[in-house]
Amino acid sequence: MSDNKVGAVLIVGSGISGMQAALDLAESGIKVYLLDNKPSIGGKMVQLDKTFPTNDCAMCTIAPRLVDIGKHPNIKLITYAELEEVKGDVGNFDVKIKVLPRYVDIEKCVGCGVCEKVCPRRTDSEFEMGLGKKGMAHIPFPQAVPMVPVIDKREERPCKAACKDACPIRMNVPGYISLIKEGKFKEAYELIRRTNPLPAVCGRVCYAPCEDACNRGQLDEPLASRALKRFVTEQIDINSLEVPQISKNGEKAAIIGSGPAGLAAAHDLALLGYEVTIFEALPEPGGMLRYGIPEYRLSKDMLRKEIGYIEKLGVKIKANVKIGDGIKLEELRKDYQAIFIATGAHESLKLNFPGGDSPGVIHAIEFLRKVNMRERVDVGGKVAVIGGGNTAIDASRVAKRLGADVKIIYRRSRAEMPATAEEVKAAEEEGIEIMFLANPTGIITENGRVSKIECIRMELGESDGSGRLRPIPIKGSEFIIDVDTVITAIGQASNLEFIKEVGLEVSRRNTIAIDKATLATNIEGIFAGGDVVTGPAVVIDAIAAGKKAARSIDEYLKGKPFTSKEDMRVPQKLSEEKVNTLKERFPSRNRVKAKEQEPLVRTSGFEEVEKVYSVYEAQMEAGRCMASQIEGCIGCGECEERCEANAIDFNQQEKIIELKVGSIILSPGFELFDPSVKPDLGFGHYPNVVSSLQFERLLSPSGPTAGKIFRPSDQKEPERIAFIQCVGSRDYERDYCSAVCCMYATKEAIIAREHIGEGLQCDIFYMDIRAFGKGFEEYYQRAKTHGVNYIRCRIPSIKEISETKNLIIEYLGKDDKKFSREYDLVVLSAGLTPPKQAKELAGKFGLTLNRYGFCETETFNPVNSPKEGIFVAGAFTGPKDIPESVIQGSAAASKALSLLSTERGKLVKKKEYPPEKDIKDQEPRIGVFICHCGKNIGGVINVPEVVEYAKTLPNVVRAQDSLYVCSADFGENIKKMIKEHNLNRVVVASCTPRTHEPLFQSTIREAGLNPYLFEMANIRDQCTWVHMNQPGEALKKAKDLVRVAVAKSRLLEPLYPRFVEIVHKALVIGGGLAGMTASLELAEQGFDTYLLEKNDTLGGNLRRTKFLLNGENPQEKLKALIEKVRKHPKVHIYTDAQFLNIEGSVGNFKTQFKSKEDTHEIKHGIVIVATGAQEYKPTEYLYGQNPKVITQMELEEVLTNGGFDAKTIVMIQCVGSRNETRPYCSRICCSHAVKNALKIKEKNPDANVYILYRDMRTYGFNEAYYTKAREKDIRFIMYEDNKNPEVRQVKGQLKISLHDPILNAGININSDLLVLSSATVPGDGNKDLARKLKVPLTADGFFLEAHMKLRPVDFATDGIFLAGLCHYPKHLEEVIAQAQAAAARAGGILSKEYLTGEGIISCVNESLCRGCGLCKETCVFGAIELIERAPGILISNVKEGLCKGCGACTVICPTGAMRLRHYTDDQVLVMVESALKSVAAEI
Amino acid sequence: MGKITGIQVEPTLLPEVRKYGNFNLNACYNCGTCTVTCPLTSNGATFSSRKSIHATQIGAKKHLLGSLDPWLCYYCGDCSTLCPRQTEPGEAMMTLRRYLTAQYDWTGLSAKFYKSVAWEIGALFAVAALVLILALVFHGPVITERVTLNTFAPVHLVHTFDLILLTVLSLFLISNASRMFWFTMVRDGNVKIPLYLFITEIKTLLFHAVTQLQLSKCNNKLRWIVHWFLTSGYVLTFIMVVFFLKWFQVDNVNHYYIYLPRLIGYYGTTVIVIGTVEILIKRLRKREQMYKFSELSDWIFPVLLLLTTLSGIAIHVFMLLELPLVTYYIYVIHLMIAVPMLVIEVPFSKWAHLAYRPLAIYFQMIKEKALQLQERKAVSLSSAGKLSPEVMKINVR
């Protein structure tokens, strides 16, 4: 062993066994690293619905444990990580761990789940076993610890998503394209709408910078993202969209101008709850969209619909209202809290040469507006359009449609033309001539009207600074063209008359001057954007401005700091190298062209030129997107965009952590058998055949169907369900029993019938029902009497009726007759197989795997691996259920503890706090801190308003808000505030005390306040989350909650938990295997242990066990153990001991006992009960009357003493078990019978052994011995319940008769020896001991643990533990593990210096107490005693170490003498009173 | 609960049965997969391989002898494929058929042949030697100018020998079959069977003997077709040899091409050769479940049948080639193969399934019908209030 031991342990696998080990070690002062390759801890139990045999909710049972582990200061979670390398030796291992990237920063994430909600991609959820869907960013389950999502990124996105970066509104192009590819058009539309309020407009007229930037363009051609967007908008009727319920926040905003900028701002503001009014000067809303863009490019009908939807959101549009003419801007400011100016640029620039304003010269904007307003415009036969922008092209194409012959005159060459190339191309197709390098110089009029236009040829000179070449006229190249109309399209400007009155600043370019980041003007409350700010630009820029304005206005009105986000990122190109590699993966595919109208057809009218994609074309085209072709997350960045906490980090990389630990515990759990390995069962082919874990999810109220049992094929509730047992267990490849399936199938059947009702038929097809655990047999019998139907037949195959998807099962009924039944749903009880990492772990640690791949361990060292310092626990060592796994977890912890006992506490940091301030007699000075929790609270309610409200409450001296109150820097702020304002109470209004109370308590403690001076208002989980759609009401409720919390906080008192000194000694009662093991473990951990044995020798029942199933001789091991116990200086053995009396409580017990003749009194901190059990002395089957009738234990004696010559031996199982007197199963007798039968065969191969059984319960790996017994020709005959065999004695010969249900006939056997597998019964002394220790017994007389599943070795009373057969019959290795576990649990207490009691405990007002004792009876923790204050005067006394603060005593107390601190009557009543006051009354 | 009267277990049964087929029958844990899987077990029917196997395991010999189930199995092997224990229930049923054949045989010879290679081979050679001696003693003049088989082996003599053999073997077979009847129908009888059922159900016997329709219910339909042709060829040839030898064994083979006995002979030999070769190839390959295990008895019958047929064909060919001496020798060899085959196989070994299978179906049908009658009667009686329900239950069982 290394000299420098490290007081830390690495636990691999965080299922129940790993978690248990972690808690036990951490409690004992060992630093724990809990590693799991899953994103959350919890293992498989979190997926279960209920647990047997108590039908407790699995999640409710395990979730508090997850939280405990998550916040334990000594446990460090390393999730989503793998073990990479281990070096070193026991006591000092060097471990390398690879942490996989989650792409989410654990430190920043608040677990709000927005990322998943917005993710456009869905895939099967592993947690829901493929029955539910999850986003690519996904928190495994709602109670996950850590509550941080993982982004399911399976491969690197091939492109750089330049499309998104190029878009001014950062439209999620890869997102909607990927959805189109999957045929999810509605989802695609919703995704587009989330960013763009005018998708139909942009699907038609956007100049699509995304397409220019598209990285696919570097391979072949860019994606036609605009056409795809248009396609989606044609698939979804906007009028069919559900209009979200928005509740108004009461604030008003005015928007001037109803163009794209105005509409976008109105839309976003309306969604935020603002009352928005748009003022439009023209008769119809839409601005340039309505009056500038010709009908053939944008159908006005579509536009009207989109504006209509915005109106549905509550936006009012006042048309024909020109601000400045009627209403003045100044007046608007009075009525509206904010104004957004988006009036656009509707004024045309004029030609600056002679005749520029002659009749027949019309400006393009005016021309287009007139045409769009359906006014008659006579352009004559020949039209010249001057200019080269999109407006020029629009005007010329419109003129063409009016029947004119159109020429465009442009002074530069084609390359410089600002109009988009495709527009130019379309114009030329339609027969429009473009005269490049020509410039008009004058207009010639005839009869007062334009008749000719004079032009001059140009040539290009040097650059003009705008990047274009300056055109220079060529002298003498003048020429003249005949025209009827000249349309000028040489530039636009805004009319800024109306703003002058209020003094808005105007830029040099005659636009409104604004702060670029926020769009705020120089006047508070007025914002401006769109063309009026930028000069004429494109639709998408205007929308971007509108959206930005909405955000700024919201922030301005809510008083939040401006969150100026960077608008655009520079779209990135792929490197040439990358392009080449991508070309291999993505073979060249040209873009699918949207069909267009023929030029001749289109110039004859105003129909839309571009046609819509067909569904096939759209999906073909979408399929070209490289991102949409990859698995998992496509990196569209929607989550990143929406995450308020900025926690998404796509640049995360794998990380290697290096650790030093003293010991390692391996608890990687198990894998569920994959039933598709057995094709005859149809799993994966027949939708209504599900695995047991899938069925658990269907049962679970938090599952994919919210607890409704639906069959997957048609979502109908089933009427008949079949459960098929032993799927993947008990066959020739896996000759072991999975040990849990019989019980979980029983549980699932019971729960299913609870959900659906008594009418549900549940048939369980089984071979042997293996209900061998504590309470299992009773559970099974109860299931039978309650109508679950058990049919003994193994089912090899299932057939489906293809029409109904019902399933046919053929089975054998009575007398082996074959029947078939139809079921709606079939559940396959899949077995347990080794974990996936088993081989890898075995390689790393030199473990031996058995032939099925589970970890092999020795009987006497159930959690040891062959390598020192490495321990194993849980289902990794073989299939087992929850309590067994928990026990092994504790046992492994105990082994590690003994190893590292000297290092306890060395790596655990103790927090130093400043001295506490005395606040006695101080007037309450309350600080209230209110959290936005990103958008979780702040997005629903107006937090600053709550702050203002809090300030009005009495005694509140400081109120503040923060985006995240739990952030480290705000914690510092709280401390600063406490100091500065001398606060003596702190209230935080935020998420939930469940996760965050300890953090804030610690924060105020750091500032010198008693932690109980803290109060929390739950305004997220219980307010904004549940009333998300009623922000108004939520705001009121938040105020109420804050008021109530403040009211209580005034009455808070500092509390001081009692510290109880601990006697670092242990008492173990019972010197059998369990008692000795526990004593030795405790002694190895360094604690003095008293071991009491009632007999004169140690060893208990094990003394009678002569050989084991695997052939081992336990007597040698027993001898060695006794020797070790005797020699250990810390174990003090008392034989012939009689337990007399015990008093005290955890940490300080005092016990009197008698050993031989002396009476002793000892002090000790804990008690372990290990009193064992005994073999039942049968009264049935002639036992005691005929010497040839013996028990299994007696047979074992016979078999060890010399030869064995009986020829025919009959064994009868369940003698004294599973009957009315003892309804439980004795668990070990089946294996015991097999063991002895095999021994008989070994001694005398010719012997005939008959075993008469009801169910062979050779669970786990003992199944292989059952197989072996069969192979050795041991005969097994089943007998049915209530048809016990009969034994007669005829002339000294034993004759056994029974009914064989398979042959349906009577069977007679003449036997030389009859062996009874008699029950294991609890010890006689249990009752007395239970009474003295004040711990409960089961109805069968075994000791009852605190919790059947998660606390299998604890009693409900602190400081008392149990182990071994006194708990329930069990096998040797199970006894040892349980004893080790008890030692670990006890060690957790003994290793502390003192016990910290609860602060929140009950106390007694002695003047009111009349000693009735009701509280004592009520207290389940035994924390109340009656003491005699004066002779004959009894009063209650709370044992502070034991009180858990449940409050039951305060409820039962008839006089009000019992008081629960921190929840006193005064404190609770003041809360009630405060809650009942209305907000208005308080104000 | 009342006293249980029942079957006395005989622990020796399992080791005894194992001598008829060597594999681990006891590994079976009676899960029922075999019976559920069996395509021959129809809804509500009682045919159960599980019962037979369980009876063998625990030593319920009386139950096993009384069971017809092994004969109702046609060994498609589906049960063995799906058996979770690899206990080979199909082969178990095959083994039980061997065991039952031996049990039905009162001489004890069958058991000797099954259990001992020496006995089986020895007996075959002994009979062959006997045939040789008979041929040496009784053959007619050997004419070498042309082939006159009927001179060498006068048809009336051979025919007489045929008939004697037929009678003797039939006696053995019938006596064995009656023991089968005794075990399964009388001793096991918990059902009272009206005599007329035996007459009316003869149609079942004939129908199944001719069609072998049960075999067609197995999933592999081809096997039924091949087996049916094989049997038909065998039976037709057998009938020709035993009853119509005069027309079958003729010297002037060249004269009549369209000659019914000759065509029957061609048909018979062709299907037998194809059928037996197919079986032998499959047994050698061991690909299909039902051919994975082959005991000596599984080899001998098809091998001898093939050799008999091939030697028969050879006689015909040499006659056509007009090679007198070779024809005569081959003829003797033919008899030396055919006769031992019949003597050993018919009453004592695999051949017997030709008789036992249709009989089993026949008996089973009678039993079922009788049971139905009895149930109907019980119902009418109980409804008339004459019998208490308990009595009714006993009667039904």
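Below, read A as the first sequence line, B as the second, and so on, with proteins coming before strands; counting in each chain starts at 1.
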Trainee: Side chains of Asp1300(A) and His63(B): is there a donor and an acceptor less than 3.5 Å apart?
Mentor: no
Trainee: Out of curiosity, Arg794(A) CZ to Cys83(B) SG, how far, rounded to the nearest 0.5 Å?
Mentor: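 It comes to 9.0 Å.
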Trainee: Atom NZ of residue position Lys221(B) - does it have more than 12 heavy atoms of other residues, nucleotides or ligands inside 6.0 Å?
Mentor: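 Yes - once you tally the heavy atoms of other residues, nucleotides and ligands closer than 6.0 Å, there are more than 12.
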Trainee: Between atom OG of Ser1297(A) and atom CD of Gln8(B), what is the distance when rounded to the nearest 0.5 Å?
Mentor: 8.5 Å
Trainee: Taking all atoms of both residues into account, what is the closest heavy-atom pair of Pro15(B) and Arg1275(A), and its distance?
Mentor: CD-NH2, 4.3 Å
Trainee: Side chain, backbone, both or neither: which part of Ile1274(A) has a non-hydrogen atom closer than 4.5 Å to chain B?
Mentor: backbone
Trainee: If we define contacts as heavy-atom pairs under 4.5 Å, which of Leu25(B), Thr37(B), Thr35(B), Thr87(B) has the most with chain A?
Mentor: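 Looking at each of Leu25(B), Thr37(B), Thr35(B), Thr87(B) in turn, Thr35(B) comes out on top.
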Trainee: Using modelled atom types and a 3.5 Å cut-off, is there a donor and acceptor pairing between side-chain atoms of Asn26(B) and backbone atoms of Arg1270(A)?
Mentor: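 Side chain of Asn26(B) to backbone of Arg1270(A), a donor-acceptor pair under 3.5 Å: yes, one is there.
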Trainee: Checking heavy atoms, do the side chain of Ile58(B), its backbone, both or neither come under 4.5 Å from chain A?
Mentor: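 When you check distances to chain A, atoms from both the backbone and side chain of Ile58(B) fall under 4.5 Å.
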Trainee: Salt-bridge test for Arg85(B) and Asp731(A): reply yes if a basic N is under 4.0 Å from a carboxylate O, no otherwise.
Mentor: no
Trainee: Which bit of Ala60(B) is near chain A, if near means a heavy-atom gap under 4.5 Å: side chain, backbone, both or neither?
Mentor: side chain
Trainee: Do the side-chain N and O atoms of Arg730(A) and Tyr29(B) include a donor-acceptor pair separated by under 3.5 angstrom?
Mentor: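 Tyr29(B) and Arg730(A) do not have a side-chain donor-acceptor pair below 3.5 Å.
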Trainee: Residue by residue, scan residues 1236-1262 of chain A and write down, ordered by number, those that have a heavy-atom distance under 4.5 Å to chain B; if none do, write 'none'.
Mentor: Asn1248(A), Tyr1250(A)
Trainee: Is chain B contacted by the side chain of Asn1310(A), its backbone, both, or neither, given a heavy-atom distance below 4.5 Å?
Mentor: both
Trainee: The criterion is side chain to side chain contact (heavy atoms under 4.5 Å, CB included); which residues satisfy it with Ser116(B), sequence neighbours excluded?
Mentor: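 Counting only residues at least two positions away or on another chain, Ser116(B) forms a side chain to side chain contact (heavy atoms under 4.5 Å, CB included) with Ala118(B), Trp119(B).
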Trainee: Please lay out, stage by stage, how Gln57(B) and Ile1302(A) fare under the test side chain to side chain contact (heavy atoms under 4.5 Å, CB included).
Mentor: CA-CA 12 Å; Gln57(B) 287 177 330; Ile1302(A) 295 181; over 6 Å; no
Trainee: Which heavy-atom pair separates Asp815(A) from Lys51(B) by the least distance, and what is that distance?
Mentor: OD1-NZ, 2.6 Å
Trainee: Please name the pair of heavy atoms, one in Lys818(A) and one in Cys38(B), separated by the smallest distance, quoted to 0.1 Å.
Mentor: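 Where Lys818(A) meets Cys38(B) most closely, the heavy atoms are NZ-O, 2.8 Å.
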Trainee: Quick one: does Asp680(A)'s side chain get under 4.5 Å of Leu82(B)'s, heavy atoms only?
Mentor: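 A side-chain contact exists here, since the closest heavy-atom pair is under 4.5 Å.
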Trainee: For the atom pair SG (Cys793(A)) and CG (Asn30(B)), what is the distance rounded to the nearest 0.5 Å?
Mentor: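 One finds 11.5 Å between SG of Cys793(A) and CG of Asn30(B).
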Trainee: Is it the case that over 12 heavy atoms from other parts of the model lie below 6.0 angstrom from the NZ atom of Lys1272(A)?
Mentor: no
Trainee: Report the C-alpha distance between Val9(B) and Ile1307(A) in whole Å, list the side-chain angles of each, state the deciding distance to 0.1 Å, and finish with yes or no for side chain to side chain contact (heavy atoms under 4.5 Å, CB included).
Mentor: CA-CA 7 Å; Val9(B) 295; Ile1307(A) 296 287; 3.4 Å; yes
Trainee: What are the two closest non-hydrogen atoms of Ser48(B) and Asp816(A), and how far apart are they?
Mentor: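 Smallest interatomic distance, heavy atoms only, reads OG-OD2, 2.6 Å.
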Trainee: More than 12 foreign heavy atoms under 6.0 Å from NZ of Lys1295(A): is that the case here?
Mentor: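 Yes, because the 6.0 Å sphere around NZ of Lys1295(A) holds more than 12 heavy atoms from other groups.
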